[in-house]
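Structure record follows, encoded as structure tokens.
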Amino acid sequence: MTDSDTDTDTDTGSGRGDRLLRRYGSALVQVFGTPQLVIASGHGCWVTDVDGKRYLDLLSGIAVNALGHGHPALVQAVTKQAESAIHVSNFFTSEPAVQLAERLLTISRAPDGSGVFFANSGTEATEAAIKLSRRTGRTRIVALEGSFHGRSTGALALTHKAAYREPFEPLIPEVVFVAPDDADALRAAVDDTTAALVVEPIQGEAGVRELSDDYLRLARELTTRHGALLVVDEIQTGIGRTGDWFAHQRAGIFPDAMMLAKGLGGGVPVGALVTFGPDVTGLLVAGQHGTTFGGNPLACAAGLAVLDTIERDDLLTHVREVGALLDDVRIDGVAGTRGRGLLRAIELDGIPSAAVMAAAREGGFIVNAVTPTAIRLAPPLIISEEELRGFLDALPAILSAAREASA
Ligand SMILES: Cc1ncc(COP(=O)(O)O)c(C=O)c1O
């Protein structure tokens, strides 16, 4: 870092973002490459970068900021909780932790004897699920091609992408990947040696690829028949994102375990593993798993504020209604759309997604190039029809700018 790179609170205006990015390059491990923006603040569905430019946030921190930015219910809950107790450790507990666990069991329609383990991220929720599955006495896990379940060495073993896995192999053994939505492949893979089948109802990182309800029902049937756990990863799809509390609920199934994170804390880190029924919940006993921060009252108060607001403002209905605007996008350069509620991919017709993401940003919209040919939208659940229409109205110009830039 040079003196001229040093930012102070008075260093505002144009160029501040570039200077901070240079400092970022010298101060952080470069696992994310160069960030696209340096964001200073957010309000509702809008964020402002350090140079003062505003963007409509159609990604919400990768499906995290369920209530957008600076939502009064979340700010008040976190502020109030911070004034009383932020952290108590797992030697103790707190009312927000108990309340949030109870609320999660209610909205997941879990039977008596179910339970919640709180973690701090999605990856950690996956780790807990892996350990849970090992307690069945079996070690073989079936996961799906295209899956993403996290980056720790355990969760990575269930994550399909070779580029993520290969530099860290050997990972935990006995993970088998099968093609998603292929009933015969699933029938062949799940047997009496299977500890768990782990699925995302909609594969977010794979480009918002939905499993059919029939496939999810088959997954339930096969795992029940063979005494394996059905584990659903709702880290990206849960907490209202698809218009149901949890995406698997539309198929009318009950899993044995469910991972949550992302939207649950509305931006405050919190993850959870929900275990369904006493037999599964009893697999992990005292001393077999833990975390220092998991279930801290600050994160749980945030989670409660998110769930309360979704319920109070009937955001599940809102997500379905406003999300329907993305059911059918007929614009030159769009080949089709996928997904449900407010988790969507727009498949592009011959325009690289990276160019579309850059042109959108230039036009004041944050979207994500989730695959080389598709952009992902996962806006705050509170996004208005008018805001989303604003993006759709701007899309033709964004696509032609992208086409030109990539020609
Ligand atoms: C479906 C799914 N599972 C797991 C994870 C990992 O969660 P985290 O990044 O909070 O560790 C993600 C994150 O993108 C995800 O989308």
Side-chain angles (χ1 to χ4, degrees), residues 29 31-32 35 59-66 117-133 141 143-161 163-165 168 171-172 175 177 180 196-211 216 219 230-242 244-248 255 257-274 291 293-296 299 302-303 306 338-345 367-371 374 376-379:
V29 176
V31 287
F32 301 110
L59 191 61
S60 43
I62 322 182
V64 167
N65 302 109
F117 172 79
F118 284 118
N120 312 290
S121 67
T123 296
E124 287 173 66
T126 303
E127 288 296 329
I130 294 170
K131 286 180 73 174
L132 183 83
S133 76
I141 294 179
L144 302 189
E145 291 170 12
S147 60
F148 186 91
H149 298 295
R151 301 275 207 146
S152 62
T153 51
L156 193 55
L158 315 189
T159 291
H160 183 242
K161 197 169 176 174
Y164 295 163
R165 302 163 53 83
F168 304 99
L171 299 167
I172 61 165
V175 179
F177 292 101
L197 166 64
V198 184
V199 300
E200 296 157 81
I202 301 176
Q203 295 187 320
E205 300 307 302
V208 190
R209 300 205 169 266
E210 207 169 341
L211 297 180
L216 284 174
L230 174 61
V231 179
V232 292
D233 181 342
E234 294 263 10
I235 288 165
Q236 189 159 155
T237 49
I239 315 294
R241 175 131 308 270
T242 65
D244 291 297
W245 277 115
F246 306 108
H248 71 269
M258 170 171 72
M259 285 97 85
L260 300 172
K262 287 192 181 277
L264 177 56
V268 176
V270 54
L273 180 73
V274 181
T291 159
F293 292 122
N296 71 79
V306 170
R338 292 189 292 273
R340 222 150 82 201
L342 287 173
L343 180 59
R344 301 281 181 158
V367 302
N368 161 244
V370 67
T371 71
R376 170 174 48 178
L377 307 182

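Counting starts at 1 for both ligands and their atoms, in listed order.
For atom 10 (O) of ligand 1, the nearest protein heavy atom (residue, atom name, distance) is Gly122 N, 2.8 Å. Nearest to atom 13 (C) of ligand 1 among the protein's heavy atoms is Lys262 CE, 3.3 Å. Atom 16 (O) of ligand 1 has Gln236 NE2, 2.8 Å as its closest protein atom, hydrogens excluded (heavy atom only). Nearest protein neighbour of atom 9 (O) of ligand 1, counting heavy atoms only, is Thr123 OG1, 4.4 Å. The protein atom (non-hydrogen) at minimum distance from atom 3 (N) of ligand 1 is Asp233 OD2, 2.7 Å. The nearest protein atom to atom 2 (C) of ligand 1, hydrogens excluded, is given as Phe148 O, 3.3 Å; this is a heavy-atom distance.
For the pair Glu205 (side chain) and Ser147 (backbone), a donor-acceptor distance under 3.5 Å is absent.
Taking distance alone, with nitrogen or oxygen atoms compared against 3.5 Å, Ile62 stays at or beyond that limit from ligand 1. Between Gly150 and ligand 1, no pair of N/O atoms sits closer than 3.5 Å. For a threshold of 3.5 Å applied to N or O pairs, the pair formed by Glu200 and ligand 1 contains no separation below that value.
A side-chain hydrogen bond (donor to acceptor under 3.5 Å, both in side chains) with Gln236 is found for exactly one of Glu200, Arg376, Lys262, Gln203, namely Arg376.
Atom CZ of Phe177 has more than 12 heavy atoms from other residues, nucleotides or ligands within 6.0 Å.
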